[in-house]
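Notes follow the structure.
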Protein chains: 2
Amino acid sequence: MDIDAPDWRSGWPGEATQPDVLARELRTAIMRTSRRLRTEASGDVVSPGQYTVLAQLRRGSRTSRELAERERVQAPSMTRIVKALTAKGLVSRAVHPQDGRQILLSITPDGEGILEEAKGQRTAWLSRRVALLDEEDRLVLSRAAHLLQELSAE
Amino acid sequence: MDIDAPDWRSGWPGEATQPDVLARELRTAIMRTSRRLRTEASGDVVSPGQYTVLAQLRRGSRTSRELAERERVQAPSMTRIVKALTAKGLVSRAVHPQDGRQILLSITPDGEGILEEAKGQRTAWLSRRVALLDEEDRLVLSRAAHLLQELSAE
DNA sequence: TATTGTTATACTCTATAACTATA
DNA sequence: TATAGTTATAGAGTATAACAATA
């Protein structure tokens with residue numbers, strides 16, 4: 001619903017690309033869609049946080065600290081996420097060969113399987129919606145996705 | 001970071017608008033940006049949930065149930081949000097004149113003030129980022145915002 | 001009986017502060 | 001001392017189930 005309306009879509013020409021106006025509309029749209037994505041995916045084996053960590057580990061072993069930095073969470077939060085993943089057998093731990101303080105985390109075969117499965121499930125709702133759009137609108141969303149990635153990358 | 005990469009941006013022409021591929025990229029971008037928006041706004045007087053309820057009430061009085069349905073949360077969650085807002089003096093309560101079970105919620109002058117203030121603060125980070133883009137990219141994001149609104153509207 | 005709203009309780013995710021073990 | 005990781009604890013947000021008051 002139009003959170004910051006009643007001025008939604010109204011106003012003078014070019015207003016939509018005014019940084020403040022655009023930011024407000026974009027924030028509303030993103031927060032709303034993200035909430036929807038969260039609730040639609042609630043039956044999953046892994047939570048959103050666990051999922052992204054699993055995806056990171058698919059690309060190679062990482063320490064807890066590296067993962068925390070990439071995910072922009074504090075160390076204890078990552079400890080919790082990793083603990084949940086190891087409890088499910090989706091991630092394995094190994095003491096770093098050179099530095100005994102560090103623990104190298106790796107994805108397990110089970111983890112790879114869950115990741116593939118979750119990937120489809122998590123986007124099922126959005127896929128259905130997106131499939132109803134025409135090619136032009138899908139192209140807009142594709143470009144927006146890349147822009148948002150860059151915006152929020154830091 | 002590119003959650004579902006390493007295949008980010010790679011692939012055959014037109015792949016980006018394949019519903020499944022697009023949905024995956026879009027989901028990643030949206031979840032990441034939403035987390036960033038939440039953490040950047042952490043110093044606010046009102047939480048994201050409280051903010052959107054306040055915005056709803058600016059457009060007229062509503063009952064708790066109406067608000068819960070619009071926000072897609074369960075009744076107890078809305079009770080909690082409304083309780084927080086009334087405790088801060090941003091929302092007032094009045095028994096419905098016709099139906100004694102219902103309680104009409106309205107935004108107070110203080111609430112209107114906080115809403116205006118929060119509106120700017122919450123989008124400040126995104127505004128700064130968006131301002132760095134060129135007109136064409138901003139137009140893409142504007143159109144994407146409207147598409148996302150429609151997608152997640154139900 | 002059905003509906004509106006609340007309370008009780010629990011779960012998830014996140015954070016800060018304090019602790020252990022290693023370098 | 002500094003760093004990697006953990007534990008303890010707290011706060012925000014959501015949910016389900018059980019309850020009260022009103023229709």
Side-chain angles (χ1 to χ4, degrees), chain A residues 31-32 34-54 57 61-88 91-106 118 122, chain B residues 31-32 34-54 57 61-88 91-106 118 122:
Chain A
M31 294 307 280
R32 205 164 201 97
S34 72
R35 180 150 58 169
R36 192 65 188 272
L37 280 165
R38 259 196 308 281
T39 58
E40 292 286 342
S42 59
D44 285 3
V45 180
V46 290
S47 72
Q50 290 169 19
Y51 173 79
T52 55
V53 165
L54 222 42
L57 291 178
S61 298
R62 301 274 187 280
T63 65
S64 186
R65 183 149 298 267
E66 284 170 341
L67 289 170
E69 278 166 14
R70 275 175 186 260
E71 294 298 316
R72 297 181 183 284
V73 295
Q74 293 302 308
S77 301
M78 189 49 67
T79 293
R80 193 188 164 88
I81 290 171
V82 167
K83 192 185 280 185
L85 288 170
T86 51
K88 290 174 191 157
V91 161
S92 63
R93 306 161 50 102
V95 177
H96 191 108
Q98 272 79 49
D99 186 341
R101 295 171 304 180
Q102 297 183 37
I103 293 170
L104 267 177
L105 301 163
S106 309
R122 301 187 76 74
Chain B
M31 294 307 281
R32 212 173 191 90
S34 72
R35 178 151 60 172
R36 194 62 189 273
L37 279 166
R38 262 195 305 281
T39 58
E40 292 285 344
S42 60
D44 285 2
V45 180
V46 289
S47 71
Q50 291 168 18
Y51 171 81
T52 56
V53 165
L54 222 42
L57 290 178
S61 299
R62 298 274 187 279
T63 66
S64 187
R65 183 147 299 263
E66 284 170 343
L67 290 170
E69 277 166 14
R70 274 174 187 262
E71 294 299 315
R72 295 180 185 284
V73 295
Q74 293 303 307
S77 301
M78 189 48 67
T79 293
R80 195 187 164 89
I81 291 171
V82 167
K83 193 185 278 184
L85 289 170
T86 50
K88 289 173 192 159
V91 162
S92 63
R93 304 160 52 101
V95 177
H96 190 107
Q98 273 78 48
D99 186 340
R101 295 171 303 183
Q102 297 182 36
I103 293 170
L104 267 177
L105 302 164
S106 308
R122 301 187 77 75

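Here is the naming used below: chain letters follow the sequence lines, and residue numbers restart at 1 for every chain. Everything numeric in this text was worked out from a predicted model, so none of it was measured.
Looking only at distances, a side-chain donor or acceptor of A/K88 sits under 3.5 Å from a matching main-chain atom of A/V45.
Put simply, A/R101 has no side-chain N or O that comes within less than 4.0 Å of OP1 or OP2 on D/dG5. The side chain of B/T79 places no N or O atom within less than 4.0 Å of a non-bridging phosphate oxygen (OP1 or OP2) of C/dT7. Not one side-chain nitrogen or oxygen of A/R65 sits closer than 4.0 Å to the OP1 or OP2 atom of D/dT6. The shortest distance between the side-chain N/O atoms of B/K83 and the OP1/OP2 oxygens of C/dG5 is not below 4.0 Å. Checking the phosphate oxygens (OP1, OP2) of D/dA8, no side-chain nitrogen or oxygen of A/R80 falls inside 4.0 Å. Not one side-chain nitrogen or oxygen of B/T63 sits closer than 4.0 Å to the OP1 or OP2 atom of C/dT4. OP1 or OP2 of D/dA15 lies within a sub-4.0 Å distance of a side-chain N or O belonging to B/S77.
Residue A/Q102 places its side chain closer to D/dG5 than to any other of D/dT14, C/dA21, D/dG5. With C/dT16, C/dA23, D/dT14 as the choices, the nucleotide that has an atom nearest any side-chain atom of B/V73 turns out to be D/dT14.
In this entry the distance linking CG of A/L85 with C1' of C/dT12 reads 14 Å, nearest Å. Atom CG of B/L104 and atom C1' of C/dG5 are 13 Å apart (whole Å). At whole-Å resolution of the value, CZ in A/R62 and P in D/dG5 are 13 Å apart. The nearest whole Å value for the distance from the CD atom in B/E71 to the C1' atom in D/dG13 is 13 Å.
Nucleotides of DNA chain C nearest to A/Q74 and A/Q98 differ in position, and the one nearer the 5' end is that of A/Q74.
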